[in-house]
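What follows is a single structure, written as structure tokens, with notes after it.
This chain uses plain numbering: 1 for the first residue, then up along the sequence.
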Amino acid sequence: MSVRFSVEEFAKLKKILPIYEWGLRTLLTKLNIIHEDLKDFRDNHSIEYIRSRMKAPESIAQKLYDMGLDVTADNAKTHLKDIAGLRIICPFARDIYFLSDLLKSMPDVNILEEKDYVSNPKASGYRSYHLILELPVFFSNKTEHIAVEIQIRTEAMNFWATLEHKARYKYREHVPKHLSDELIVIAEQIAALDNRMFTIHEIISLINQDVQEI
């Protein structure tokens, strides 16, 4: 069943969504500055790339419905913390904690939720680090605080999550056991591969350091 906002509530939602977009752009600007600083001045490549997204009105309506809430703009603003979202992809799993600490140290940012699915993966095998940040958005003569969901993961974790999402969508959340079991095995192999790649990275760094000292 397709769930939608009423005409009146959709008009209200259209006045709220730009505030989330402004907050998302504000946070993205901060992160891009951190990215450039790390890469250009500190020789630290902890960020591969950053992607941003806004949840579509249809998805907002469906989520409110699934939560048993009336499909209203006020409920979206009050109860949903993932209307605006960012995904940070980093080279190695250990970079995830470095970046999460950086995010938590940002001024004017309040941590609403924090979930470590890297050290404690979901039963499905899903790995990622989730933060929900609240930050102020200044516009005209008003300030509003909005939530932004952030996911931090490696490229390998992101590839797995994309594949698992496609499987859940195809089978409407009822993924066959043989397929879900295979995804769990692959998730464990990816975690091991991430660790091995980091070890190789450390060895290469030590070799380069020795060469420079000669």
Show me the donor-acceptor pairs, under 3.5 Å and distance only, between side chains in residues 191-198 and residues at least two apart or in other chains.
residue: Asp194; atom: OD2; partner: Thr154; partner atom: OG1; Å: 3.0
residue: Asn195; atom: ND2; partner: Ala191; partner atom: O; Å: 3.4

Under 3.5 Å, sequence neighbours excluded: what are the donor-acceptor pairs made by side chains of residues 174-185?
residue: Lys177; atom: NZ; partner: Asp181; partner atom: OD2; Å: 2.7
residue: Ser180; atom: OG; partner: Lys177; partner atom: O; Å: 2.9

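The two residues Ala73 and Glu9 come nearest to each other via the heavy atoms N-OE1, 2.9 Å. Of all the heavy atoms in Leu99 and Ser46, the pair that sits closest is CD1-O, 3.4 Å. The minimum heavy-atom distance between Ala147 and Ala84, with the atom names listed, is O-CB, 4.2 Å. Scanning all heavy atoms of the two residues, the minimum distance from Gly125 to Ala187 falls at O-CB, 3.3 Å. Taking each heavy atom of Ile83 and Ala76 in turn, the nearest pair found is CD1-O, 3.7 Å. The shortest heavy-atom contact between Leu24 and Ser52 is CD2-CB, 3.9 Å.
Residue pairs meeting the side chain to side chain donor-acceptor pair (under 3.5 Å) criterion with at least one partner in residues 26-40, sequence neighbours excluded, are Asp37-Arg42. Residue pairs satisfying the side chain to side chain donor-acceptor pair (under 3.5 Å) criterion with at least one member in residues 99-111, sequence neighbours excluded, are listed as follows: Lys104-Glu114.
A 4.5 Å side-chain heavy-atom check between Glu155 and Phe92 finds every atom pair outside the cut-off. Within the 4.5 Å cutoff, no side-chain heavy atoms of His130 are placed close to those of Glu113. Counting heavy atoms from C-beta outward, Val71 and Arg4 have side chains that stay 4.5 Å or more apart. Here the side chains of Ile150 and Ile132 are not in contact, with every heavy-atom distance at 4.5 Å or above. Side-chain contact between Leu31 and Leu103 is present, with at least one heavy-atom pair separated by less than 4.5 Å. Put simply, the side chain of Arg94 does not reach to within 4.5 Å of the side chain of Phe98, judged on heavy atoms. A 4.5 Å side-chain heavy-atom check between Thr72 and Leu13 finds every atom pair outside the cut-off. Counting only heavy atoms from C-beta outward, the side chains of Val118 and Ile152 never approach each other to under 4.5 Å.
Open room surrounds NE2 on His165; 12 or fewer heavy atoms of other groups in view lie less than 6.0 Å from it. For OH of Tyr49, the number of neighbouring non-hydrogen atoms (other residues, nucleotides, ligands) closer than 6.0 Å is greater than 12.
Qualifying side chain to side chain donor-acceptor pair (under 3.5 Å) partners for Arg53, counting only residues two or more places apart in sequence or in other chains: Glu149. Every residue two or more places apart in sequence or in another chain was checked for a side chain to side chain donor-acceptor pair (under 3.5 Å) with Asp70, and none qualifies.
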Begin from the C-alpha positions of Lys63 and Leu80 and carry the test side chain to side chain contact (heavy atoms under 4.5 Å, CB included) through to its verdict. CA-CA 8 Å; Lys63 187 160 187 178; Leu80 301 189; 3.9 Å; yes
Given the rule in the side chain to side chain contact (heavy atoms under 4.5 Å, CB included) test, do His79 and Leu69 qualify, once you have shown the distances and angles that lead to the verdict? CA-CA 9 Å; His79 297 283; Leu69 298 169; 3.6 Å; yes
Stepwise, does the side chain to side chain contact (heavy atoms under 4.5 Å, CB included) test hold for Trp160 with Ser128? CA-CA 11 Å; Trp160 184 95; Ser128 187; over 6 Å; no
Are Leu86 and Leu28 close enough, and set up right, to give a side chain to side chain contact (heavy atoms under 4.5 Å, CB included), and what steps lead you there? CA-CA 8 Å; Leu86 282 173; Leu28 189 56; 3.8 Å; yes
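Between Gln151 and Tyr117, the side chains place no donor N or O within less than 3.5 Å of an acceptor N or O (distance only, hydrogens not considered). There is a side-chain donor-acceptor pair under 3.5 Å between Ser119 and Tyr97.
Separation of atoms CG (Asn120) and CZ (Arg127) is listed at 10.0 Å; rounding is to 0.5 Å. The distance from the NZ atom of Lys55 to the OH atom of Tyr20 is 12.0 Å, given to the nearest 0.5 Å. Glu21 CD to Ile16 CD1: the interatomic distance, rounded to the nearest 0.5 Å, is 12.5 Å. In this structure, CZ on Arg153 lies 10.5 Å from SG on Cys90, to the nearest 0.5 angstrom. In this structure, CZ in Arg51 is found 9.5 Å from CG in Asn158, a value given to the nearest 0.5 Å.
There is no path of hydrophobic side-chain contacts, each under 4.5 Å, that joins Phe159 to Ile88. Hydrophobic cluster membership differs between Ile190 and Tyr129, with clusters built from Ile, Leu, Val, Met, Phe, Trp and Tyr side chains linked at under 4.5 angstrom. By the criterion of side-chain heavy atoms lying less than 4.5 angstrom apart, applied directly or through intervening Ile, Leu, Val, Met, Phe, Trp or Tyr residues, Val3 is grouped together with Leu64 in one hydrophobic cluster. In the hydrophobic cluster analysis, where Ile, Leu, Val, Met, Phe, Trp and Tyr join through side-chain heavy atoms closer than 4.5 angstrom, Ile89 is grouped apart from Val148. Leu17 and Phe138 sit in two unconnected hydrophobic clusters of ILVMFWY residues. Membership requires side-chain heavy atoms under 4.5 Å apart, directly or through other members.
The pair Lys142-Glu144 counts as a salt bridge, with a side-chain nitrogen and a carboxylate oxygen less than 4.0 angstrom apart.
Each of Leu27, Ile146, Leu112 was evaluated against Leu133; a single residue qualifies, Leu27, per the side chain to side chain contact (heavy atoms under 4.5 Å, CB included) test.
Remark: Lys122 qualifies as a cation-pi partner of Tyr126 under the 6.0 Å distance and 45° angle criteria applied to the six-membered ring.
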